[in-house]
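Below is one structure, written out as structure tokens; comments come after it.
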Amino acid sequence: MRIVVAADNAGVDLKNQVRDLLKADERVTEVTDLGVADAGDDRAYPVLGLAAAEQIARGEADRGVLVCGTGIGVAISANKVPGVRATVAHDSYSAERSVKSNNCQIITFGARVIGPELAKKIVTEWLGYEFDPESASASKVAHITDYEQTHLAS
Ligand SMILES: O=C(CO)[C@H](O)COP(=O)(O)O
């Protein structure tokens with residue numbers, strides 16, 4: 001699995017910890033870190049969230065982990081990219097359902113909300129979930145995709 005990670009300066013420390021966890025996980029074949037590299041880089045969360053989501057939309061990464069202060073800003077930004085589904089998930093059940101129900105490619109965290117150990121536990125679990133295209137959830141996700149393709153085509 002190829003994973004892209006990104007964060008603004010509020011999320012950089014947690015993003016770096018998650019990146020290192022991902023690099024050590026044998027299920028992960030590639031980790032792309034789009035930054036920021038340190039808290040001195042004040043690029044705003046939409047810049048990072050959109051860049052990561054675009055990598056996924058282009059097929060250059062399979063999934064993403066994004067971090068900002070709350071996780072909300074990077075999730076909103078990533079969801080603006082057609083074909084990308086992103087959500088904040090600060091608990092195990094939401095993280096699981098984000099994949100199994102919603103086929104989200106991106107999970108986001110708020111570094112001002114969740115501690116690093118819980119975030120890393122959730123990421124480790126999240127790597128093990130897969131969306132079943134034959135499941136009852138598939139037509140619901142397809143409804144969203146159809147809307148995007150009908151109304152948001154550029
Ligand atoms: O959490 C953020 C956006 O959701 C970001 O890290 C901080 O944003 P701000 O409160 O607008 O500075």
Quick one: are [X] and [Y] in side-chain contact, heavy atoms under 4.5 Å?
{"X": "Thr124", "Y": "Arg27", "answer": "yes"}
{"X": "Leu14", "Y": "Ile114", "answer": "yes"}
{"X": "Thr70", "Y": "Val88", "answer": "no"}
{"X": "Val67", "Y": "Val74", "answer": "no"}
{"X": "Leu22", "Y": "Leu127", "answer": "yes"}

To the closest 0.5 Å, what do you measure between [atom1] ([X]) and [atom2] ([Y])?
{"X": "Cys68", "Y": "Asn9", "atom1": "SG", "atom2": "CG", "value": "10.5 Å"}
{"X": "Arg97", "Y": "Tyr129", "atom1": "CZ", "atom2": "OH", "value": "9.5 Å"}
{"X": "Asn79", "Y": "Cys104", "atom1": "CG", "atom2": "SG", "value": "7.0 Å"}
{"X": "Asn103", "Y": "Lys140", "atom1": "CG", "atom2": "NZ", "value": "13.5 Å"}
{"X": "Thr87", "Y": "Asn102", "atom1": "OG1", "atom2": "CG", "value": "7.5 Å"}
{"X": "Phe109", "Y": "Lys120", "atom1": "CZ", "atom2": "NZ", "value": "11.5 Å"}

With sequence neighbours excluded, residues passing side chain to side chain donor-acceptor pair (under 3.5 Å) with Arg63:
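Once residues adjacent in sequence are excluded, Arg63 has no partner under the side chain to side chain donor-acceptor pair (under 3.5 Å) criterion.
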Tell me every residue that passes side chain to side chain donor-acceptor pair (under 3.5 Å) with Arg43, counting only those two or more places apart in sequence or in another chain.
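Side chain to side chain donor-acceptor pair (under 3.5 Å) list for Arg43, sorted by chain: Asp41.
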Under the side-chain contact (heavy atoms from CB on, under 4.5 Å) criterion, do Asp8 and Val47 qualify, and how do the steps go?
CA-CA 9 Å; Asp8 68 0; Val47 176; over 6 Å; no
For [X] against [Y], the heavy-atom pair lying closest together:
{"X": "Lys15", "Y": "Ala7", "result": "CB-CB, 3.5 Å"}
{"X": "Leu34", "Y": "Ala6", "result": "CB-CB, 4.1 Å"}
{"X": "Val141", "Y": "Ser101", "result": "CG2-O, 3.4 Å"}
{"X": "Ser139", "Y": "Ala136", "result": "OG-O, 3.8 Å"}
{"X": "Leu66", "Y": "Gly49", "result": "CD1-CA, 4.0 Å"}
{"X": "Ile106", "Y": "Ala78", "result": "CD1-CB, 3.9 Å"}

Between the side chain of [X] and the main-chain N/O of [Y], is any donor-acceptor distance below 3.5 Å?
{"X": "Glu96", "Y": "Glu125", "result": "no"}
{"X": "Arg19", "Y": "Asp33", "result": "no"}
{"X": "Ser92", "Y": "Ile122", "result": "no"}
{"X": "Ser135", "Y": "Ser137", "result": "yes"}
{"X": "Asp62", "Y": "Arg2", "result": "yes"}

Are Val18 and Trp126 linked, directly or through intermediate hydrophobic residues, by side-chain heavy-atom contacts shorter than 4.5 Å (ILVMFWY only)?
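Linked, Trp126 and Val18 end up in one cluster.
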Val5-Val36 co-clustered via ILVMFWY side chain contacts under 4.5 Å:
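No, Val5 and Val36 fall in different hydrophobic clusters.
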The single option from Thr32, Val84, Leu50 passing side chain to side chain contact (heavy atoms under 4.5 Å, CB included) against Gln55:
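It is Thr32; the other options fail the test.
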Using side-chain contact (heavy atoms from CB on, under 4.5 Å), reason through Lys80 and Ile76 one step at a time and then give a plain yes or no.
CA-CA 7 Å; Lys80 297 300 179 191; Ile76 292 171; 4.3 Å; yes
Applying side-chain contact (heavy atoms from CB on, under 4.5 Å) to Thr145 and Arg85, what does each step give before you reach the verdict?
CA-CA 10 Å; Thr145 305; Arg85 292 169 296 277; 4.0 Å; yes
